[in-house]
Amino acid sequence: MNLSYSRKINRPGYSLLNPFSTYIDAFSYVSGNPDLIPFYRNTIALRYNIGGYSANLSYSVINNFIDNDYVLDNVNHTTSFIPRNTGKWQGLTLGVYAPIRVVKWYSLNVYAEGQYSMTDKHFSSERFENDFFGNYMSLQHVFTILPTLRANIQMIWRNVPWDGIVQTNATWVMNAQIEKSFFDKRLSLTVSCDDIFSTMAYRGNINFGNINQSIKETYSGRQILLTARYSFGSQKIRGARNRSVGIEDEMGRTK
């Protein structure tokens with residue numbers, strides 16, 4: 001069991017500070033805000049681990065949270081997206097990780113997270129208070145086909161109903177990977193595919209103030225990668241025996 005407290009700073013990047021406008025289309029554009037200030041995230045967390053299983057309960061507070069402010073120009077019929085320090089965010093999060101060995105050749109890694117968010121922000125000089133519940137789940141299927149051949153399928157589902165003043169839709173994605181080892185596991189070849197069904201998209205609606213808008217943004221996240229790794233040096237060294245490659249790297253993302 002571990003109890004921790006952290007205070008982290010988040011500084012706005014160059015693109016958020018750059019005041020020049022970039023047009024998305026004839027009626028909408030984005031621009032940075034040089035008046036942005038960093039925000040701090042204070043978190044207290046209680047973590048419990050037993051036999052590979054873990055649970056994490058945390059409470060976080062952010063002041064001066066950075067969000068996109070949507071400003072509608074009724075005269076020119078344009079919408080601008082400008083980052084601003086909009087206000088306060090609080091979140092209570094519970095996450096659970098469980099590795100499940102179903103049979104000798106198949107195991108399942110489950111990570112589930114639920115978060116209750118409380119926001120008190122200002123958009124276009126109007127106050128926006130909103131409390132909501134969001135959740136995230138990752139299922140990772142690991143198949144040991146042969147001692148030197150393994151496959152991995154990961155399914156991720158995310159449902160956060162609000163992003164600032166945007167009421168968003170749930171999203172899901174599926175990734176896959178297969179790894180083959182050679183020469184006493186010194187050489188490994190991995191083929192992976194991200195976003196197999198090209199489902200990564202941002203969809204939402206705004207109905208706030210004088211803005212009534214629907215949004216759909218798709219991402220070119222589908223890609224196929226071929227990776228080759230070769231381990232030089234003695235395999236008897238403790239560091240070499242403990243080094244993880246290939247699928248272990250992918251499994252670590254869900255914890």
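One-based numbering along the sequence shown. Bear in mind the structure is a predicted one, so any value in this text is a computation, not a measurement. Excluded from the calculations below are hydrogen atoms, water molecules and symmetry mates; all remaining heavy atoms, backbone and side chain alike, are included.
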Dump the intermediate steps for side-chain contact (heavy atoms from CB on, under 4.5 Å) on Thr168 and Asn159, then the final yes or no.
CA-CA 8 Å; Thr168 58; Asn159 181 28; over 6 Å; no

Minimum heavy-atom distance Pro161-Gly134, with the two atoms named:
CD-CA, 4.1 Å

Before you tell me yes or no, could you show the steps for Gln115 and Thr93 under side chain to side chain donor-acceptor pair (under 3.5 Å), namely the whole-Å CA-CA distance, both residues' side-chain angles and the distance that decides it to 0.1 Å?
CA-CA 4 Å; Gln115 183 180 82; Thr93 306; 2.8 Å; yes

Rounded at 0.5 Å granularity, tell me how far CG in Asn109 sits from NE2 in His141.
10.0 Å

Please check if any side-chain donor atom of Gln167 sits under 3.5 Å from a side-chain acceptor atom of Asn205, or the reverse.
no

Taking all heavy atoms of Ile196 and all of Asn175, pick out the closest pair and write down the distance.
CD1-C, 4.1 Å

Please check: side-chain N/O of Asn33 versus main-chain N/O of Pro83, any donor-acceptor pairing under 3.5 Å?
yes

Can we call the ring centroids of Tyr106 and Phe143 under 6.0 Å apart?
yes

Taking Tyr111's backbone N and O only, do any of them form a donor-acceptor pair with Ser138's side chain (distance below 3.5 Å, no angle check)?
no

Using the rule given for side chain to side chain donor-acceptor pair (under 3.5 Å), can you reason through Tyr40 versus Asn64, listing the C-alpha separation, both sets of side-chain angles and the distance that settles it, and then say yes or no?
CA-CA 8 Å; Tyr40 291 88; Asn64 299 314; over 6 Å; no

Are there over 12 heavy-atom neighbours, none belonging to Ile37, within less than 6.0 Å of that residue's CD1?
yes

Taking all non-hydrogen atoms of both residues into account, name the closest pair between Leu146 and Arg150 and its distance.
O-CG, 4.4 Å

Check whether more than 12 heavy atoms from other residues, nucleotides or ligands sit under 6.0 Å from atom OH of Tyr14, and answer yes or no.
no

To the nearest 0.5 Å, what is the distance between OG on Ser181 and CG on Leu187?
8.0 Å

Taking every heavy atom of Ser107 against every heavy atom of Arg101, the minimum-distance pair comes out as CB-CA, 4.1 Å

Any sub-3.5 Å donor-acceptor pair from Asn85's side-chain atoms to Phe65's backbone N or O?
no

Determine the interplanar angle of the Tyr70 and Phe81 rings, folded into 0 to 90°, and report it as parallel if under 30°, tilted if 30 to 60°, perpendicular if over 60°.
perpendicular

Report the residue from Asn169, Thr218, Val166 that forms a side chain to side chain contact (heavy atoms under 4.5 Å, CB included) with Tyr202.
Val166

Stepwise, does the side-chain contact (heavy atoms from CB on, under 4.5 Å) test hold for Arg229 with Thr190?
CA-CA 8 Å; Arg229 295 184 178 91; Thr190 305; 4.0 Å; yes

Just by distance, do the side chain of Ser54 and the backbone of Arg47 share a donor-acceptor pair under 3.5 Å?
no

On a heavy-atom basis, the closest approach of Met1 and Tyr48 is CE-CD1, 3.7 Å

How far apart are the closest heavy atoms of Thr199 and Val173, and which atoms are they?
OG1-CA, 3.5 Å

Evaluate the side-chain contact (heavy atoms from CB on, under 4.5 Å) criterion for residues Ile24 and Glu217: first the C-alpha distance (whole Å), next the side-chain angles of each, then the deciding distance (0.1 Å), finally the verdict.
CA-CA 11 Å; Ile24 302 173; Glu217 298 177 1; 5.7 Å; no

Please lay out, stage by stage, how Thr148 and Lys180 fare under the test side chain to side chain donor-acceptor pair (under 3.5 Å).
CA-CA 6 Å; Thr148 59; Lys180 172 66 176 175; 2.9 Å; yes

Decide whether Ile215 and Trp162 are clustered together by the hydrophobic rule: side chain heavy atoms of Ile, Leu, Val, Met, Phe, Trp, Tyr closer than 4.5 Å, transitively.
yes

Asn42 and Tyr59: side chain donor to acceptor below 3.5 Å
no

Under 4.5 Å between any side-chain heavy atoms of Asn63 and Lys88, yes or no?
yes

Would you confirm whether Asp69, through its side chain, and Phe123, through its main-chain N or O, come within 3.5 Å as a donor-acceptor pair?
no

Donor-acceptor contact below 3.5 Å, side chain Thr119 vs main chain Asn130:
yes

Please check if the side chain of Arg186 supplies one atom and the backbone of Ser231 the other of a donor-acceptor pair under 3.5 Å.
yes

Any luck finding a side-chain donor-acceptor pair between Asp25 and Ser28 under 3.5 Å?
yes

